[in-house]
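Notes to accompany the following structure.
Below, chain A is the first sequence line, B the second, and so on; all start at residue 1. Side chains are part of it too, since the values below use all heavy atoms of this structure and drop only hydrogens, waters and symmetry mates.
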Amino acid sequence: MATVPDKPTLEGLEAKWRARWAAEGTYRFDRSKTRAEIFSIDTPPPTVSGSLHPGHACSYTHTDLIARYKRMRGYEVFYPMGWDDNGLNTERRVQLMLGITCDPSLPYDPDFTVPDPVPSRPIGVSRRNFVEQCAQITEILEQKYFDLWSDLGLSVDWSQTYTTIGAHARRTSQAAFLDLIERGLAYRIESPTLWDVDFKSAVAQAELQDRNLPGAYHRLRFTAASTGEAIHIETTRPELLPACVALVAHPEDARYQPLFGTDALTPLFGVRVPVLAHELADPEKGSGIAMICTFGDTTDVTWWRELQLDLRAVIDKDGTLVPNAPHGIDSEAGRAAYAELAGKGTKQAQRRIVELLRESGELEGEPKPIEHPVKFWENGTRPLEIVTNRQWYIRYPDKDAMLARGNELHWWPDFMRVRYENWVNGLIGDWNISRQRFSGVPFPVWYPLDNDGNVRHEQPLLAAADALPVDPSSDVPAGYTEAQRDRPGGFTADPDIMDTWATSSLTPLIAGHWVDDPDLFERVFPMDLRPQAHEIIRTWLFYTAVRSQYLFDSLPWTNAAISGFVTDPDRKKISKSAGNAPDDPTALLAEFGADAVRYWASGGRPGQDTIFDRNQFKVGRRLAIKLLNASRFALSQGEPGPDADITEALDRAVLVALAEVVDAATVALESYDYAKALERIEAFFWSFCDDYLELVKGRAYGGSGDEAAASAQAALRTALSTLLRLFAPFLPFATEEVWSWWQDGSVHRAPWPDAASLRAAGAGADPSVRQVAADVLAMVRKAKSDAKVSMKAEVAHCVVHGPAEVLEAFWLAADDLRDAGKIERLATEMADEFRVEVTLAG
RNA sequence: GGGCGAUUAGCUCAGUUGGUUAGAGCACCUGCAUGACGCGCAGGGGGUCGGGGGUUCGACUCCCUCAUCGCCCACCA
């Protein structure tokens, strides 16, 4: 036990306690505890992006508040940290920082060193070299994050740290994937896929984003094959005309009913396409009849499937029109027209085909400009196309089952459930988990090659469970040798990697060591809490629920606490890309201290956006300083003897009032409302400082005898102990510092305050004593302030008017008031209204 | 187009099941060296609760409607 310092300061507390907590294992998880004794948290592994902003500090503080609270409630808290270093973000960063890019055709170079200086145009390196560099970069960035989290005071057990690309995560991910295959829940199929032409990979529905773009309706003249009559359709994508495979109108649309079952000829290319009926055709849109192309949008895919149409793909994987005219364009004129478009990007192709149509007289009027939503990959810069290729999919569970899970989950705040339900209700198709990228978890799969070198896609060779993790591009399937790789009669590796969510959806399994430590897993799963941002409900939360549904037929957690964004004062989300990130949180921590940053974060209620407000940091810092000083003062009032009794009415009343604060804070924290809890604790603390400390300091110094002094000293220490523990989750550094002055062990392992024992110490006192005393003191102060004299100025006479019960309460604190207010004569008078008459001396 | 949230003092936010003169902090103004804190202490001015309508003895609190902001979703003809 240390002593109380003369001049307490916040400076250096982070470093001091960070080191002490690490050395003493204050937050170490004790795995001998049973599931019922454990509170487990499925931490969001931050994307190790290198740029930190206050949003990180905010939401991670929220989780830590709960972790610390639960720990003090007696739970053994399983609070690991993960680093999300999987996926495209890392690839991009490495390309940017090192000037290298992955070229899988190159061989591995064991002596590779990064180019210096960074070349302006990235140079290609082998996949293995590239992945190695990814690992190195993320390691450096992870250290940065570790430092921030530690300085912020996150009570993470760092021995439980995981990464989403490390061997353990790859093994878990591959094992879970093989399990899905065995049960027929994952499959690989060639089908139309949403495709980003820059990223050159498939993307999933959950990664889509609609953006409004200008476009134009082009009115094209088709002709009925038999009668030669004109059929007008309107399209925003005339460049897809060569991919047209049918026309479609609503079955009840009288205008087009006569045409159903007949054929039409496309303009320019003269391709014969059927005219069909389908419910999805909207009579209100355009001319009411649409051309179906393979593929312009997801509706085209639906029509193509349901109407069993031809495939006439024209968009290549790089977003240009394929070199050769698709089948069906047989006429010389048609081929010549297509040749004008081949190799062009969609924009140029559109420009050219409009010219051609105008020349041929098949464009009616001028294009009508409109604005319409277009699908993008959320990180992409050009609209998505739909191309056909082989992808791995995970079948979605039954919608109703997933909705039931959403209902079963406790959402904080509850209205976030709606987002989940919206998403589940809008699901289309299955979950595409393959990406045509390089850095990620590979599929543990190879395919045999027949003697002609053709890939036997339908006979995948799966890795053995005990061999995981594998990299099929360097590991060899059972029964083959490396020499047979990519040779006729040999084998070839599955070229794809898994989408980052295919692995992130397993974080409870990765952190809980499902794959290699069933004993631990049983103690932590299903987890108690998933904290996360609302923007990834449709991805991380939903996908995790899907995986858990399949593997365990249960929810992965019982609670989901959804945090909002941090916004700038204009309510714009703070992000690197928006360029409005105000300060690196490390700088904020240096300027205001961790407790101050946490104070600001604690004001952000679950599900609501938090405004970045430097003022709140200042307020938080003052609170932490006040806590140090007030504690020093309270402790310097003297130590009560071992059998000191809390006898005075005012002392008892304070403890009873504090018991109410404990109750309120506990209720609030149980429902993840840390902001309300802090508000109540803080309000009490300031009145404790301004009123109670002022009222009792004279008595505590012995002004009214030893017994009365002991009562004050004991009450001060009881209250202080309680307040420190209430504040501990919010201000872990200042509270720990004060605790160390006079208590053993860490305040963060101390029990959460108990309202019942406070009430017992308060011995049923009337809490109004405290209120009346504070009110009278305020009146006396006002009189002095109005007279512009010092608070030390003498009061000659003070008369308190009020009802009998108020006066009775007043007299119980009269001695303390007389002392604190420097009042010579006190008197009371019965009255209906409470009123205080103050006569200053002199 | 559908949905979810928000709208209370200059700013950031509270406001419990509708009930006496709507609260706090910051900022601002006026004071005060008072047994810890001047990153302090005391006091003060300042909102009629986004607009409109309704229910009620009574609404910031309930209902309807409009507006603004933010977000989620939506099959791009």
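The interatomic distance linking A:F565 (CZ) with B:C69 (P) rounds to 18 Å, in whole Å. To the nearest angstrom, P of B:C72 lies 10 Å from CD1 of A:I537. Rounded to a whole Å, the CG atom of A:L307 is 18 Å from the P atom of B:C75. Note: CG (A:N629) to C1' (B:G35) measures 14 Å, nearest angstrom. A:D609 places its CG atom 14 Å from the C1' atom of B:C13, with the value rounded to the nearest Å. If you take CD of A:E679 and C1' of B:U12, they are 12 Å apart, rounded to a whole angstrom. Per the geometry, CZ belonging to A:R211 stands 16 Å off C1' belonging to B:A74, to the nearest Å. As rounded to whole Å, 18 Å separates atom P of B:C72 from atom CG of A:N425.
Backbone-only contact: A:R632 has heavy atoms under 4.0 Å from sugar-phosphate atoms and none from a base. Nucleic acid contact for A:I428: sugar-phosphate only, since backbone atoms but no base atoms lie under 4.0 Å from a heavy atom of the residue. When heavy atoms are screened at a 4.0 angstrom cut-off, A:V418 is found touching the sugar-phosphate backbone but no base atom. Contact annotation for A:A281: base contact, defined as any heavy-atom pair under 4.0 Å involving a base atom. In this structure, A:K626 reaches the bases: a heavy-atom distance under 4.0 Å links it to at least one base atom across the strands shown. Across all strands shown, A:T302 has no heavy atoms under 4.0 Å from either base or sugar-phosphate atoms. When heavy atoms are screened at a 4.0 angstrom cut-off, A:Q205 is found touching the sugar-phosphate backbone but no base atom. Among the protein residues, A:I611 comes within range of the sugar-phosphate backbone only, with heavy atoms under 4.0 Å from sugar or phosphate atoms but none that close to a base. Within 4.0 Å (heavy atoms only), A:Y701 reaches at least one base atom of the nucleic acid. As judged by a 4.0 angstrom heavy-atom cut-off over every strand, A:E694 is placed among the base-contacting residues. Within 4.0 Å (heavy atoms only), A:K285 reaches at least one base atom of the nucleic acid. Within the nucleic acid shown, A:R538 comes within 4.0 Å of sugar-phosphate atoms alone, with no base atom in reach, counting heavy atoms only. Among the atoms of the strands shown, only primed sugar atoms or phosphate atoms (P, OP1, OP2) are found under 4.0 Å from some heavy atom of A:W686. Among the atoms of the strands shown, base atoms are found under 4.0 Å from some heavy atom of A:G296.
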Please step through side-chain contact (heavy atoms from CB on, under 4.5 Å) for the pair A:I562 and A:W412, ending with a clear verdict.
CA-CA 6 Å; A:I562 310 295; A:W412 309 96; over 6 Å; no
Please evaluate residues A:C244 and A:F222 with respect to the criterion side-chain contact (heavy atoms from CB on, under 4.5 Å), reporting the C-alpha separation (whole Å), side-chain torsions for both, the decisive distance (0.1 Å), and the verdict.
CA-CA 11 Å; A:C244 178; A:F222 284 58; 4.0 Å; yes
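Here B:G31 is the nucleotide among B:C75, B:C76, B:G31 with the atom lying nearest to any side-chain atom of A:K788. Closest to the A:V374 side chain, of the nucleotides B:A27, B:A14, B:C76, is B:C76. For A:D690, the side-chain atoms get nearest to B:A42 when compared with the rest of B:U30, B:A42, B:C26. If you check B:A36, B:G43, B:C76 against the side chain of A:C689, the one that comes closest is B:A36. Relative to the side chain of A:F633, the nucleotides B:C32, B:C76, B:A36 differ in distance, and B:A36 lies closest. Relative to the side chain of A:A778, the nucleotides B:U12, B:C39, B:G43 differ in distance, and B:G43 lies closest. Ranking B:C13, B:G43, B:C76 by closeness to the A:R605 side chain, first place goes to B:C13. Comparing atom distances between the A:K697 side chain and each of B:G35, B:A14, B:C37 picks out B:G35 as nearest.
Rounded to whole Å, the separation between the C1' atoms of B:G10 and B:G35 comes to 39 Å. Rounded to the nearest Å, the gap between the P atom of B:C4 and that of B:A24 is 35 Å. B:U30 sits 15 Å from B:G46 when the C1' atoms are compared, rounded to a whole Å.
Using cut-offs of 30° and 60° on the angle between ring planes, the pair A:Y543 and A:W501 is tilted.
Scanning RNA chain B for stems, defined as runs of 3 or more consecutive Watson-Crick or G-U wobble pairs whose donor-acceptor distances all fall under 3.5 Å, gives the following ranges: B:1-7 with B:67-73, B:10-13 with B:23-26, B:28-32 with B:40-44, B:50-54 with B:62-66.
Remark: ring of A:F415 not stacked against base of B:G5; the cut-offs of centroid gap under 5.5 Å and plane tilt under 30° are not jointly satisfied.
Along RNA chain B, the nucleotide nearest to A:T610 and the one nearest to A:P383 differ in position, and the one closer to the 5' end is contacted by A:T610. Across the interface with RNA chain B, nearest-nucleotide mapping of A:D282 and A:R781 shows A:R781 to be the residue nearer the 5′ end.
In terms of heavy-atom proximity, A:A675 sits nearest to A:G603 at CB-O, 3.9 Å. When all heavy atoms of A:H250 and A:E279 are compared, the pair lying nearest together is CD2-O, 3.2 Å. Smallest separation of non-hydrogen atoms from A:V838 and A:M779: CG2-O, 4.1 Å.
The base of B:C76 does not come close enough to the side chain of A:K375 for any donor and acceptor atom to sit less than 3.5 Å apart.
In this structure, the side chain of A:R717 engages the main chain of A:L635 through a donor-acceptor pair within 3.5 Å.
With rounding to the nearest 0.5 Å, the separation of NZ in A:K697 from OH in A:Y692 is 13.5 Å.
A salt bridge is defined here as a Lys NZ or Arg NE, NH1 or NH2 lying under 4.0 Å from an Asp or Glu carboxylate O, and A:E239 with A:R237 meets this definition.
Between B:U34 and A:K792, a contact under 4.0 Å exists linking OP1 or OP2 to a side-chain N or O.
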